[in-house]
Amino acid sequence: LKMSDLRAAHLLTCTAGGHLLPAKLARLKMSDLREVEPTEAKGENSERGRRGSASLASQITGLHDNIESGLQRRPSMERMKEQGILKPGTPTLQAASHDLEKKRLSANLEKQLNNRASREWLVGHGILKEGQPALQASAHQIEKHQIETALKSKLQHRASKDDLINRGILYDGPPVVVQARASLEREQAKDSIERKLKHRSSRDDLVARHILLTADTNSPIEAARVELERAQLKDALKQKIRRRASIEELEQRHIVEGTQDSA
């Protein structure tokens, strides 16, 4: 072990700050290196001196290997720029860019805070509950229980599978047959609608039959005419209802069967 190697170890210890070095080497001082020099000059006669020198040489070798390995594994400058660790440009430009980004984020956050919903809006839409936390929890449990009860009641009174089949809502049979039947019914409904649209009455016919009002209905004269026709129809309907035959007369004329005879 040479004195130059010991001084190099001390320099590496000071440069690395002791992060990658063993604790013993991190605390190494130049005074400790000076104590080793006489041992080398005497030819390391003592066994203790040879063991200490060998141990220190082994530690320095391991230290050198660790540093070399760390330098080889460190990422490149381009990789650090891609990961956002190292900013491109000069330090002045980096600081200006960082300040600009902080101002942009601050302005965006302030804008979102100004546009956030008010407490009244949140309460009105049921997002925020009013009252004490204990009361809120109780009200939430009651509301949840009411929903569960209503859901169970609807499930109990839902139609059965046979009822749905009889009403034409659910089809019974293989999926291929069901799909073909549904497709056929859609085509039939489409044809029926097209026929009805072709034979529907024109606009003039609907206006003449007083089903569709004319375009000038908003005028005072037309509105008064429509109101008069409605009143006349209402009076005529009331008169017909008053003059209609009683149930006894209908039974005598054998239009309606008597309750006693039917019983």
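Sequence positions, counted from 1, serve as the residue numbers for this chain. As the structure is a prediction and not an experimental result, all values here were calculated from the model.
Between H98 and K102, the closest side-chain pair of non-hydrogen atoms falls below 4.5 Å. S201 places a side-chain heavy atom less than 4.5 Å from the side chain of R209. Two residues are said to be in side-chain contact when any heavy atoms from C-beta on lie closer than 4.5 Å; R244 and I241 meet this criterion.
Distance check: L93 CG to L100 CG gives 12.0 Å after rounding to the nearest 0.5 Å. Here the CE-CZ distance, from M80 to R74, works out to 9.5 Å after rounding to the nearest 0.5 Å. Note that OG of S160 and CG of N166 are 8.0 Å apart. Values are rounded to the nearest 0.5 Å. Rounded to the nearest 0.5 angstrom, I60 CD1 and D65 CG are separated by 12.0 Å. Distance check, rounded to the nearest 0.5 Å: NE2 of H140 to CD1 of I142 gives 11.5 Å. To the nearest 0.5 Å, atoms CG (L151) and CD (Q156) are separated by 10.0 Å.
A salt bridge links R181 with E185: the closest approach of a Lys/Arg side-chain nitrogen to an acidic carboxylate oxygen falls below 4.0 angstrom.
Looking only at distances, a side-chain donor or acceptor of H157 sits under 3.5 Å from a matching main-chain atom of S153. For the pair D163 (side chain) and A159 (backbone), a donor-acceptor distance under 3.5 Å is absent.
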Go through the steps for L113 and R116 under the test side-chain contact (heavy atoms from CB on, under 4.5 Å), then give the verdict.
CA-CA 5 Å; L113 290 176; R116 65 178 177 178; 4.0 Å; yes
Going through the checks in order, is the salt bridge (Lys or Arg N to Asp or Glu O under 4.0 Å) test met by E229 and R225? CA-CA 6 Å; E229 289 181 355; R225 186 186 68 80; 2.5 Å; yes
Between Q112 and N115, is the side-chain contact (heavy atoms from CB on, under 4.5 Å) condition met? List the steps. CA-CA 5 Å; Q112 292 181 359; N115 295 329; 6.0 Å; no
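Closest approach of R195 to H199, counting heavy atoms only: O-ND1, 2.8 Å.
Hydrophobic cluster membership is shared by I165 and I169, with clusters built from Ile, Leu, Val, Met, Phe, Trp and Tyr side chains linked at under 4.5 angstrom. Note on I127 and V123: same hydrophobic cluster, where clusters join Ile, Leu, Val, Met, Phe, Trp and Tyr whose side-chain heavy atoms are under 4.5 Å apart, directly or indirectly. Cluster annotation: I247 and I255 are assigned to the same hydrophobic cluster (Ile/Leu/Val/Met/Phe/Trp/Tyr, side-chain heavy-atom contacts under 4.5 Å, transitive).
Atom CD of Q83 sits in a crowded spot, with more than 12 heavy atoms from other residues, nucleotides or ligands closer than 6.0 Å. Applying the 6.0 Å contact sphere to CE of M77 captures no more than 12 heavy atoms from other residues, nucleotides or ligands. More than 12 heavy-atom neighbours from other residues, nucleotides or ligands sit within 6.0 angstrom of CD on E82. The number of heavy atoms from other shown groups lying within 6.0 Å of CD (E101) is above 12.
Each of Q146, K152, H145 was evaluated against T149; a single residue qualifies, H145, per the side-chain contact (heavy atoms from CB on, under 4.5 Å) test.
L197 belongs to a hydrophobic cluster with I193, counting contacts under 4.5 Å between side-chain heavy atoms of Ile, Leu, Val, Met, Phe, Trp and Tyr, direct or through other members.
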